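To keep things clear, I will list the structure first and then write my remarks on it.
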Amino acid sequence: MWHKHMHSPAKKPKVEHSSSNPGGSGWSGGGGFKNSPKLEGHGQPNEALKQERRALPIYPARQQLIAQIRRLPSAIVIGETGSGKTTQIPQYLLEAGVNGGAAIAITQPRRVAAVSVCQRVAQEKNTTVGTSVGYRIRFEDATSSSTKLIFMTDGMLLREAILDSKLTKYSVIVLDEAHERTVHTDVLFGVVKAAQNCRLKTGLKLLKIIVMSATMDVDHFSRYFNKAPVLYLEGRQFPIQVMHTAEPQSDYAFSSVVTLFKIHKEAPAREDVLIFLTGQDEIDSAVKQLRQLSRDMQDLPKLLILPLYAALPPQQQVKVFEKTPPGHRKVVIATNVAETSITIPGIKFVIDCGKVKAKVFNARTGLDILRVVNTSKAQTLQRTGRAGRESAGTCYRLFTEAQFGEMSSNTVPEIQRCNLSSVILQLMAMGISDVMTFDFMDKPDRESILAALTELELLGAVEKISESDMPKLTPLGKRMAAFPLDPKYAKIILLSQEYGCVEEVLTIVSILSVDDIFINQMNKRDEIQSVRQKFVSSEGDHITLLNTFRAFKSVNGNKAWCFENFINYRHINTAREVRKQLRDICSCQGIQFSSCGKDTENVRKCLAAGLFLNCAQLSKQGDFTTVSSRLTVSIHPASALFHCKPACVVYSELIKLGKNYMRNVSVVDPEWLQEVAPSYFKQKKVHLMT
DNA sequence: GAGCACTGC
């Protein structure tokens, strides 16, 4: 069944031979195979830490590395897993004074990474977080005026760029994990490049850019940053044997079960397995099936089967880190959270189905499509690498070598797959008016940028004086950009002043911008439904969310109460923090806080005014038709209005799952819509039923 | 009539 070859991530690194790297050697470092630094090693003696630092593969290359970076305006650093680049390069820069006394920003795509890397660096420097080393993420600022190494999320630096597009407080910007190509990182590429250029032209202090990546597609990065030299670092990965199937597999979930039992029969029990599948349902049913099968196999070692996906409650997620009981084999069945966000110790085998659930945005219809697609080669390699973190491993790919060959090299960057209205608003708030020609590393479709501009224009955030003119940010747009929200939600907040319901709208928008506060378990559906009934409003989901938050507040955010009411404590608390942040921004803008009390009709009027682009009418067939693009859509089964047939609704978002679904739906009066946007409905030739 | 990959400000 299996075809075998070796995947060797530990191969000798190539060395760049550009003219700016005359020596052409030295980047490869020395190191052999040793465990990568442990981020949780508190209280270790300083000498041991120094030893660990010196043992990193990057260490022997540090002087040449710094000498190069010192004279280059931009550099690309390619470092494999375990090279130590993330923790060491910022320290080397500081120790060598490359920053010239100013601050160095180091960005990460994820909050936990920003915090944990910062903690590790503080420890290595024998100092405390918040002094010379600190971090800044949303809701948390652990820096002071004297902080020189600032670890932050890429989204945070992007927010700072809205206030200061030249990023004047930094002399060096390090963009880490650039290969992940998050929207934020991609926008930052253009922003830091423009800032560097601008500072050069205006005689300001120069800005140095360091892009750190694990990508194979280094030329693309180098070309974009004015042919910046590429500096290679050796990593610490163990060899991994890769197996492909001889034939394509029609049912990968079934194949993964078969493959697991093959491993289970052959390999020692101590060797753990990580299986990549695509989603919650698929994982839950595989877990159930495997648990059943392992009960029937008394003669084999016991299996400890654990699901892992982001929506899983934290107390269940941490189980994958617990020590496997003696005589057991741990099998973790995960989504792509286990690719980057969560590293599981002890994995010796990876089973990769070669699929991933991905969201693709269709600018023409405004519809998000969530579906299972093939992984890219880069993503496949990332999954394979998870088998070789601590020792040599094996990866079983549930597809043929030919199928691997047909995969695209890299995952399409998120910026080419998402709604751009927020990105475009932010760029314009930074003073970039010609967004059509903005220097993206990979440009989104022209149609997608135009759709975003059109939406912003309809929301009143952008205007064109004449057709030939460049779009211009309006004062309203400027105010909207201050909110870390989807523009349509920012608009609703600003509108709520006129409707006397600022407090209520802040609550609703806060909840809409976090993960679902409701816990939905299929096996407890009836119980959940009866408990939740007291929050449900016939006006729709938005008022239901408001009722829920009000109840949560009336019990002072009690955790037990959340548990009893099937409310996700963590998510509703995040909503509370978001609300606080949004309220502060309102204060800064001089917004008067008002409340409508029980008169929630005003809230719906406000929602109608802000969400008129997201409205749908009941059709004769009993489903709904959207006004914007005449799509046939349905109310999502989780909605408070699932069983209802209101004549006219507004919704927060559209997603194509099996059918096209509207999520978070509220009943509105068609006349309200007509009043707030008469020209829009006239242009759409829609006669709203009354 | 029946359902949701992953981040982040």
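In this text the structure is predicted, and so the values were computed from the model without any measurement. Labels below follow one simple rule: chain letters A, B, ... track the order of the sequence lines, proteins then strands, and each chain is numbered from 1.
If you check every strand for non-hydrogen atoms under 4.0 Å, Arg111(A) touches sugar and phosphate atoms only. Here Arg110(A) lies in heavy-atom contact (under 4.0 Å) with sugar-phosphate atoms only. Asp516(A) comes within contact range of no nucleotide atom at all, as no heavy-atom separation falls under 4.0 Å. Residue-level contact check: Arg181(A) touches neither bases nor backbone, having no heavy atom under 4.0 Å from any strand. Nucleic acid contact class of Val356(A) (heavy atoms, under 4.0 Å, all strands): none.
For Arg663(A) and dA2(B), the CZ to C1' distance is 15 Å, given to the nearest whole Å. If you measure from atom CG of Asp284(A) to atom P of dA5(B), you get 10 Å, rounded to the nearest angstrom. Between Asp486(A) atom CG and dG8(B) atom C1' there is a gap of 13 Å when expressed in whole angstrom units. Protein atom CG of Asp154(A) is 14 Å distant from nucleotide atom C1' of dC6(B), rounded to whole Å. Going from atom CG of Leu641(A) over to atom P of dA2(B) covers 18 Å, rounded to whole Å. One interatomic measurement links the two molecules: CG of Asp515(A) to C1' of dG8(B), which rounds to 11 Å at whole-angstrom precision. Straight-line distance from the CD1 atom of Ile655(A) to the P atom of dC6(B): 12 Å, rounded to whole Å. Atom pair Arg136(A):CZ and dC9(B):C1' shows a separation of 14 Å (rounding to whole Å applied).
At dG8(B), none of the side-chain N or O atoms of Thr153(A) fall inside 4.0 Å of OP1 or OP2 (strictly under the cut-off). At least one side-chain nitrogen or oxygen of Thr335(A) sits closer than 4.0 Å to the OP1 or OP2 atom of dC6(B).
Shown here are the side-chain contact (heavy atoms from CB on, under 4.5 Å) partners of Arg159(A), two or more places apart in sequence or in another chain: Ile162(A), Gln426(A), Pro484(A). For Phe361(A), the ring pair (Phe, Tyr, Trp, His ring centres under 6.0 Å) criterion is met by no residue, not counting sequence neighbours. For Phe624(A), the ring pair (Phe, Tyr, Trp, His ring centres under 6.0 Å) test picks out no residue, with sequence neighbours left out. Under the rule for a salt bridge (charged side-chain N to carboxylate O under 4.0 Å, His left out), Asp516(A) has no partner lying at least two apart in sequence or in another chain. Residues satisfying the side-chain contact (heavy atoms from CB on, under 4.5 Å) criterion with Arg583(A), sequence neighbours excluded, are Glu503(A), Leu506(A), Arg579(A), Phe593(A).
Taking every side-chain heavy atom of Leu370(A) into account, dA5(B) is the closest of dG1(B), dA5(B), dG3(B). In the set dG3(B), dC9(B), dC6(B), the nucleotide with an atom closest to the side chain of Asn336(A) is dC6(B). In this structure, the nucleotide among dC9(B), dG3(B), dA5(B) sitting nearest to the side chain of Met156(A) is dC9(B). For Arg138(A), taking side-chain heavy atoms from C-beta onward, the closest of the listed nucleotides dC9(B), dA5(B), dC6(B) is dC9(B). Listed nucleotides dC9(B), dT7(B), dG3(B) differ in distance to Ala638(A); the shortest reach to its side chain belongs to dG3(B). Proximity note for Ser341(A) (side chain, C-beta onward) versus dG3(B), dC9(B), dC6(B): the nearest is dC6(B). When each of dG8(B), dA2(B), dC6(B) is scored by its nearest atom to the side-chain atoms of His643(A), the top-ranked nucleotide is dA2(B).
If Arg417(A) and Ser513(A) are placed on DNA chain B by their nearest nucleotide, the residue sitting closer to the 5' end is Arg417(A).
Under 4.0 Å is where a charged nitrogen must lie from a carboxylate oxygen, and between Lys355(A) and Glu282(A) no such pair does. A salt bridge links Asp442(A) with Arg181(A): at least one charged nitrogen is closer than 4.0 Å to a carboxylate oxygen.
Judged by distance alone, with hydrogens and angles left aside, the side-chain atoms of Thr544(A) form a donor-acceptor pair with the main-chain N or O of Ser537(A) at under 3.5 Å.
Near-neighbour residues of DNA chain B inside residues 309-318 of chain A, defined by a heavy atom below 4.0 Å, number-ordered: Tyr309(A), Ala310(A).
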